[in-house]
Amino acid sequence: MTMPRSVAFDRPGGEPAAAGSRRPIDLVHLARQTQGDRAVEQDVLSMFAHQAAAVRERIGPAERAERVELAHRLAGSARAIGAFAVADCASAIEQAPEDRAAIGRLSRLIDEARDFISAISR
């Protein structure tokens, strides 16, 4: 059984994505999660981008308990769409919420994921 071709497999210019390239979001995983439905892909990516932006703004100044909760929720959402680097970093913050280096790394990873989502959503 072949899976329907997903919008996420093409770059904004329409050229095929390079095999084995390291992306902020695992597009094969995303396509499996959305059953290749382009509209669903766009919806979940948009929701994730908004959630990630909100977490990026709130996680640094948050109290410890809120930081753990924000990291936990983001890790789950990130894993669901295939943003595994974001998920792993958020999980690390969940375990060590005072780790400022991890919080900075998470901010950069969120920016990369949001930029990628923006690029494939054109």
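FYI, side chains are in, hydrogens and waters are out, and symmetry mates aren't considered; it's all heavy atoms of this structure. Throughout, residue positions are numbered sequentially from 1 according to the sequence presented.
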Would you mind listing every ring-ring contact (aromatic ring centres under 6.0 Å, His included) that reaches into [range], with sequence neighbours excluded?
range	answer
residues 53-78	none
residues 25-45	His29-Phe84
residues 90-111	none
residues 35-55	none

Sequence neighbours left out, cut at 3.5 Å: what donor-acceptor pairs do the side chains of residues 103-110 make with other protein atoms?
from: Ser107; atom 1: OG; to: Arg56; atom 2: NE; distance (Å): 2.9
from: Ser107; atom 1: OG; to: Arg56; atom 2: NH2; distance (Å): 3.1
from: Arg108; atom 1: NH1; to: Gly104; atom 2: O; distance (Å): 3.2

Apply salt bridge (Lys or Arg N to Asp or Glu O under 4.0 Å) to Glu66 and list each qualifying residue two or more places apart in sequence or on a separate chain. Arg58
Find out if a path of hydrophobic residues (ILVMFWY) with successive side-chain heavy-atom gaps under 4.5 Å connects Ile81 to Phe116. yes
Nearest heavy-atom neighbours spanning [X] and [Y]:
X	Y	value
Ile93	Ala71	CG2-CB, 4.0 Å
Thr34	Glu41	OG1-CG, 3.4 Å
Ala87	Ala75	CB-O, 3.6 Å
Ala113	Pro24	CA-CB, 3.7 Å

Say you draw a straight line from CD1 of Ile117 to CD1 of Ile25; how long is it, rounded to the nearest 0.5 Å?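 Atom-to-atom, Ile117:CD1 and Ile25:CD1 are 3.5 Å apart.
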Quick one: CZ on Arg32 to CG on Leu27, what's the gap to the nearest 0.5 Å?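 If I round to the nearest 0.5 Å, the distance is 11.0 Å.
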According to the salt bridge (Lys or Arg N to Asp or Glu O under 4.0 Å) rule, which pairs have a member within residues 70-99, sequence neighbours left out? Arg64-Glu98, Arg67-Glu98, Glu69-Arg73, Arg79-Asp88
Donor-acceptor pair, side chain of Ser118 and main chain of Arg114, under 3.5 angstrom: no
Could I get the full list of side chain to side chain donor-acceptor pair (under 3.5 Å) partners for Glu57, not counting sequence neighbours?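 Partners of Glu57 under the side chain to side chain donor-acceptor pair (under 3.5 Å) test: none.
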